[in-house]
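Comments concern the structure below.
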Amino acid sequence: MELLAFEFIRRAIIVGILLAAVLPCIGMIVVLKRLSLVGDALSHASLVGVTLGILLGMNPVIVSIVVCVIAALLSEVLRKYIPNFKENAIIIILSLSVALSGIFSSKIKSSVNFTSYLFGSIVTVTNTDVFIIAVLTILVLSVFVLLYKKLFLITLDEKNAILSGIPVQKINLIFTIVTAITIAIASKTIGVLIVSSLMVIPILCAMQISKSYFTTIINGIIFSLIFTITGIILSYYLDLRPGGTIALIAVCSYMLLLLKKQ
Amino acid sequence: MNSIIEFKNVSFAYDKHNKVLHKVNFKIYENEFVAITGPNGCGKSTLLKLLLNQLKKETGSITIMEQEQHYNYQVMAYVPQNVGLLFQNFPANVYEVVGMNTKKTKQQVIEMIKTVGLEKQIKHRITQLSGGQMQRVAIAKALINQPKILVLDEPTTGIDKESMVLLYELLHQLSKNGTTIVMVTHDLAGCKNYITKALCLEDAHICELTKETIEDELLHKHRHQVEEWNY
């Protein structure tokens with residue numbers, strides 16, 4: 001494996017493995033809550049943060065975390081106002097994010113940074129990025145393990161979860177904030193346009209073959225790891241963008257699984 | 001005998017001109033299997049929401065186990081309507097759905113699943129079950145923490161006659177074993193042999209039907225329907 005001789009590839013694989021472990025955990029809940037588009041909306045919100053950060057001369061990742069959290073909370077508030085059309089709250093956030101990032105990006109002189117956020121730059125991650133993503137992985141996995149049973153019950157039947165004494169609003173808020181932070185950080189490495197596919201598609205693949213909730217999560221992580229590592233290796237040999245290659249492998253795998261099931 | 005649930009002069013309205021419940025009084029005793037019935041839009045679900053503390057009554061009092069009502073999940077458990085819709089596409093097996101709601105041991109969870117007759121399906125994904133079996137999973141999930149009262153909203157919606165009978169038999173057995181069952185239903189004819197009494201809701205008032213008077217009510221309803229059809 002000559003490619004492992006390069007440090008940037010080793011870093012890319014480490015970051016890929018960490019994100020591959022984290023994103024399906026978030027994806028499992030958003031898929032089951034029928035809010036799969038939330039990843040898309042928030043990753044576009046992170047783009048607003050990136051453009052705003054570049055314009056203001058501030059750290060784009062930190063600004064995008066703040067913007068993502070605000071967007072996530074705003075979508076929660078909107079969802080309460082339109083309870084029968086919850087998915088429309090996501091579309092509103094998505095439209096707002098595309099509009100704002102379009103306006104802000106038109107004011108940026110160099111578009112190099114902006115493009116790298118759109119499609120990701122997993123092979124250009126620094127040691128600091130690896131550290132930040134490692135901390136994020138520990139945080140998200142801890143929250144997910146601690147809230148595992150409660151998230152299961154809320155996702156299955158939110159009204160009954162409230163009656164069972166589960167602090168549903170508090171847990172939803174924690175989950176929303178964790179999702180926003182994860183998407184903001186993942187967007188920088190694998191790209192705004194690809195992050196939601198790595199969050200949702202591994203879980204959709206896992207749901208085709210798994211017999212329980214637990215194995216769906218484990219299989220989702222395994223699928224995500226396979227897509228990421230294969231994507232990085234193929235993109236190196238075929239000289240392709242890693243983010244796009246990973247997403248393409250994920251979509252093709254899902255199609256194949258669907259065909260096999262038919 | 002002390003009542004386990006008591007509604008005393010309970011009134012409720014969504015707006016000034018639409019009184020749903022007017023000075024409703026009834027008592028439910030321990031180990032009873034009670035059906036709450038009535039025509040569409042008569043307020044059955046509203047009554048259930050008041051019992052579950054999801055709505056606030058205007059006047060009167062609701063007491064549960066002699067205490068002014070506060071929904072307590074250790075005393076009362078709820079099985080919602082359309083369980084099939086909730087379970088649709090959810091990738092969990094029977095054991096996970098029942099066991100995730102409790103601190104009980106693995107053996108106790110398995111025993112509960114046996115009680116509802118699903119021991120053979122314990123590792124099956126809930127999406128693979130029939131409507132009646134899904135309803136049983138929801139009942140096992142509700143009962144795992146041993147509540148005194150089990151409240152069900154239209155549990156027979158969308159299930160076949162055979163599963164319906166099995167479900168009524170299970171609820172009847174549970175009430176005999178110490179759980180008070182309160183069930184909202186349209187199917188008074190189907191459950192009449194299993195329930196201890198029925199509470200019939202119409203025009204914001206409630207009337208209590210004993211096993212003896214249920215037949216008269218069904219006959220009256222039948223005649224009314226025939227008249228409507230002839231008209």
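Per chain, numbering begins at 1; letters A, B, ... match sequence-line order.
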| note | The interface call for A/F214 against chain B, heavy-atom contacts under 4.5 Å, is both
| task | Check whether more than 12 heavy atoms from other residues, nucleotides or ligands sit under 6.0 Å from atom NZ of B/K197, and answer yes or no. | result | yes
| remark: Distance col, row A/I162:CD1 vs B/L52:CG, nearest 0.5 angstrom, shows 12.0 Å
| request: Start with the C-alpha distance between A/R34 and B/N89, add both sets of side-chain angles, then the distance that settles side-chain contact (heavy atoms from CB on, under 4.5 Å), and finish with yes or no. | output: CA-CA 10 Å; A/R34 313 271 196 280; B/N89 298 327; 4.0 Å; yes
| message | So for A/T216, is it side chain, backbone, both, or neither that comes closer than 4.5 Å to the heavy atoms of chain B? | response | side chain
| message | If you count heavy atoms of other groups shown closer than 6.0 angstrom to CD of A/Q169, is the number above 12? | response | no
| task | Could you have a look at A/I166, A/D157, A/V31 and say which one has the most heavy-atom pairs with chain B under 4.5 angstrom? | result | A/D157
| query | With under 30° as parallel and over 60° as perpendicular, where do the rings of A/F152 and B/F90 fit, or are they tilted in between? | reply | perpendicular
| request: Could you pull out the closest heavy-atom pair between A/K149 and B/G99, with the gap in Å? | output: NZ-O, 4.3 Å
| request: Please state whether the side chain, the backbone, both or neither of B/K141 comes within less than 4.5 Å of a heavy atom of chain A. | output: side chain
| request: Tell me, for B/V97 versus chain A, whether the close heavy atoms (under 4.5 Å) come from the side chain, the backbone, both or neither. | output: both
| What do you reckon, is NZ of B/K23 surrounded by more than 12 foreign heavy atoms closer than 6.0 Å? | no
| request: Of all the heavy-atom pairs spanning B/R125 and A/S210, show the shortest one and how long it is. | output: NH1-O, 2.7 Å
| When heavy-atom pairs shorter than 4.5 Å are enumerated against chain A, which of B/Q128, B/H124, B/Q88 gives the highest number? | B/Q88
| query | Heavy-atom distance under 4.5 Å to chain B: side chain of A/T155, backbone, both or neither? | reply | both
| message | So B/P91 and A/T215, do their side chains get closer than 4.5 Å, heavy atoms only? | response | no
| message | Can you confirm whether A/K150 is buried at NZ, in the sense that more than 12 heavy atoms of other residues, nucleotides or ligands lie under 6.0 Å from that atom? | response | no
| task | Could you look at A/L156 and say if it's the side chain, the backbone, both or neither that has a heavy atom under 4.5 Å from chain B? | result | both
